[in-house]
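Just the heavy atoms: all of them, side chains too, but no hydrogens, waters or symmetry mates, feed the values below. Numbered from 1 within each chain, the chains take letters A, B, ... in sequence-line order.
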Number of protein chains: 2
Amino acid sequence: MKLSNGVEWALHCCVTLSQASTLVPSQRLAELHDVPMTYLAKQLQALSRAGVVHSWQGQGGGYSLTRSAREISVLDVVVAIDGPGDFFRCTEIRQRGPLAVPEEKCTKMCSVARAMATAEAAWREVLAGITIADLAANIDVASSGTALKDVRTWLKA
Amino acid sequence: MKLSNGVEWALHCCVTLSQASTLVPSQRLAELHDVPMTYLAKQLQALSRAGVVHSWQGQGGGYSLTRSAREISVLDVVVAIDGPGDFFRCTEIRQRGPLAVPEEKCTKMCSVARAMATAEAAWREVLAGITIADLAANIDVASSGTALKDVRTWLKA
DNA sequence: GCCGAGGTACTCGGATACGATTTGTCCGAGTTAGAATGG
DNA sequence: CCATTCTAACTCGGACAAATCGTATCCGAGTACCTCGGC
């Protein structure tokens with residue numbers, strides 16, 4: 001099991017957008033991160049559909065965050081790219097085979113599914129507690145405060 | 001992103017094996033859960049390689065747990081089937097493009113990768129805290145104590 | 001000089017091929033149980 | 001009757017196809033800016 005590469009790109013793009021004072025087209029985002037423009041566009045499309053970013057067409061158009069970077073969690077981005085589905089989907093094995101449990105007896109979730117759901121909830125909780133603003137702040141600390149400034153400068157050029 | 005179906009099968013098989021007083025061949029496990037025998041064998045193979053179960057060849061052979069059900073965590077099984085790799089693998093985007101950070105400056109993990117790693121650790125921690133014995137106990141409670149007894153009886157028949 | 005219409009260039013959006021990973025299947029190697037045979 | 005050998009059936013293990021999902025790409029729809037012409 002692995003997460004789509006698009007998640008990483010989307011997160012970096014959101015951090016970049018949080019530093020932009022103007023709209024940023026996908027061409028420019030792709031250039032900055034050195035990734036295939038056409039494929040990145042697909043991810044941005046997903047972000048747009050999920051309401052994380054807003055798109056503006058036409059000359060001078062591009063993408064912008066729909067709300068403050070502090071209001072966008074990492075989970076929002078992950079769900080937008082990877083879909084809302086759970087890692088683990090119970091196929092109700094207990095209802096199959098010679099010892100099948102009748103459906104009316106299955107009032108509670110299967111214990112296996114429950115365990116996986118609990119773990120997944122913990123995962124989601126952590127991601128929901130981290131915002132794009134947090135990511136940006138950490139990046140800045142790691143680079144001694146130059147990284148975000150460089151990005152802002154580059155975006156204006 | 002989704003977890004392999006084999007994980008669910010493997011977990012149920014481990015619960016079943018925890019109730020067995022003798023070796024259980026893959027044919028019988030497949031019959032009980034109503035899944036393709038040949039494919040289930042593949043998952044059991046993975047469990048065997050990971051040291052979760054022990055296999056015995058020849059007539060009267062089959063599988064058994066290598067240790068007590070209380071000593072086997074759900075995480076052990078998941079890792080055995082799905083592999084030890086992380087969901088998220090950082091491709092070091094920060095080292096690419098016009099604003100690439102030189103490698104010697106990358107002493108700390110990327111903040112994006114760190115966020116994902118934290119979330120994944122939380123997920124693993126939950127799964128590491130749940131054992132096959134716990135799963136069995138919960139199944140039994142949900143079925144008013146009949147499910148495991150039925151399994152034990154069926155295994156002897 | 002000002003206003004408006006038109007064209008053009010640039011943007012995003014969905015539909016479309018390719019590749020990799022997961023899923024599913026098969027046959028061969030190894031081992032044990034049992035039967036047959038000789039003592 | 002017992003020990004030994006042989007056979008045969010049953011088990012797992014790794015190697016082999018098919019399907020699904022993620023990756024990558026292209027071309028069309030839409031919009032804003034700029035230019036050009038008329039007033």
Rounded to the nearest Å, what distance is computed from the CG atom of residue B/L3 to the P atom of nucleotide D/dT20?
-> 19 Å
Under 4.0 Å: is that the gap between some side-chain N or O of B/Y39 and OP1 or OP2 of C/dT25?
-> no
Where the side chain of A/P25 is concerned, which of C/dT11, C/dT22, C/dG14 is the nearest nucleotide?
-> C/dT11
May I have the distance from B/K42 (atom NZ) to D/dC12 (atom P), rounded to whole angstrom?
-> 15 Å
How about B/M116 and A/V78: do any of their side-chain heavy atoms sit closer than 4.5 Å?
-> yes
Whole-Å distance separating the CG atom of B/N5 from the C1' atom of D/dC21 | 14 Å
According to a strict under-4.0 Å criterion, is B/S26 in side-chain N/O contact with OP1 or OP2 of D/dC12?
-> yes
Got more than 12 heavy atoms from elsewhere within 6.0 Å of CH2, A/W154?
-> yes
Roughly, in whole Å, what's the span from CD in B/Q27 to C1' in C/dC26?
-> 15 Å
Rounded distance (Å) that lies between atom C1' of C/dC10 and atom CD of A/E31 | 15 Å
C/dC10 P sits how many Å from A/M37 CE, rounded?
-> 12 Å
Return the value, rounded to whole Å, for the distance between atom CD of A/E8 and atom P of D/dG22.
-> 17 Å
Expressed in angstrom and rounded to an integer, what is the separation of A/L29 atom CG from C/dC10 atom P?
-> 18 Å
Phosphate contact (D/dC12 OP1 or OP2) by B/S48 side-chain N/O below 4.0 Å = no
Report the residue (A/L40 or A/G60) whose heavy-atom-nearest nucleotide on DNA chain D is the more 5′ of the two.
-> A/L40
Around B/E125, counting heavy atoms of other residues, nucleotides and ligands shown, do more than 12 lie under 6.0 Å from its CD?
-> no
Answer with base, sugar-phosphate or nothing: what part of the nucleic acid does A/G62 contact at a heavy-atom distance below 4.0 Å?
-> sugar-phosphate
Describe the nucleic acid contact of B/S4 in one word from base, sugar-phosphate, nothing, applying a heavy-atom distance below 4.0 Å.
-> sugar-phosphate
CD (B/Q95) with more than 12 external heavy atoms under 6.0 Å | yes
Heavy atoms from other residues, nucleotides or ligands near CZ of A/R70 exceed 12 (cutoff 6.0 Å) = no
Could you tell me whether the side chain of B/Q59 has a donor or acceptor atom within less than 3.5 Å of a complementary atom in the base of C/dG34?
-> no
Got a donor-acceptor pair under 3.5 Å from the side chain of A/Q57 to the base of C/dG13?
-> no
Mind checking the CG-CD spacing from B/L3 to A/E120? Nearest 0.5 Å is all I need.
-> 8.5 Å
Tell me what B/R28 touches on the nucleic acid: a base, only sugar-phosphate, or nothing, going by heavy atoms under 4.0 Å.
-> nothing
Give A/S55 one of three labels, base, sugar-phosphate or nothing, depending on what nucleic acid heavy atoms sit under 4.0 Å from its own.
-> sugar-phosphate
Which residue, B/Y63 or A/D82, contacts DNA chain D at a nucleotide closer to its 5' end, judged by nearest heavy atom?
-> B/Y63
A/R49 side-chain N/O to C/dG14 phosphate OP1/OP2 under 4.0 Å = yes
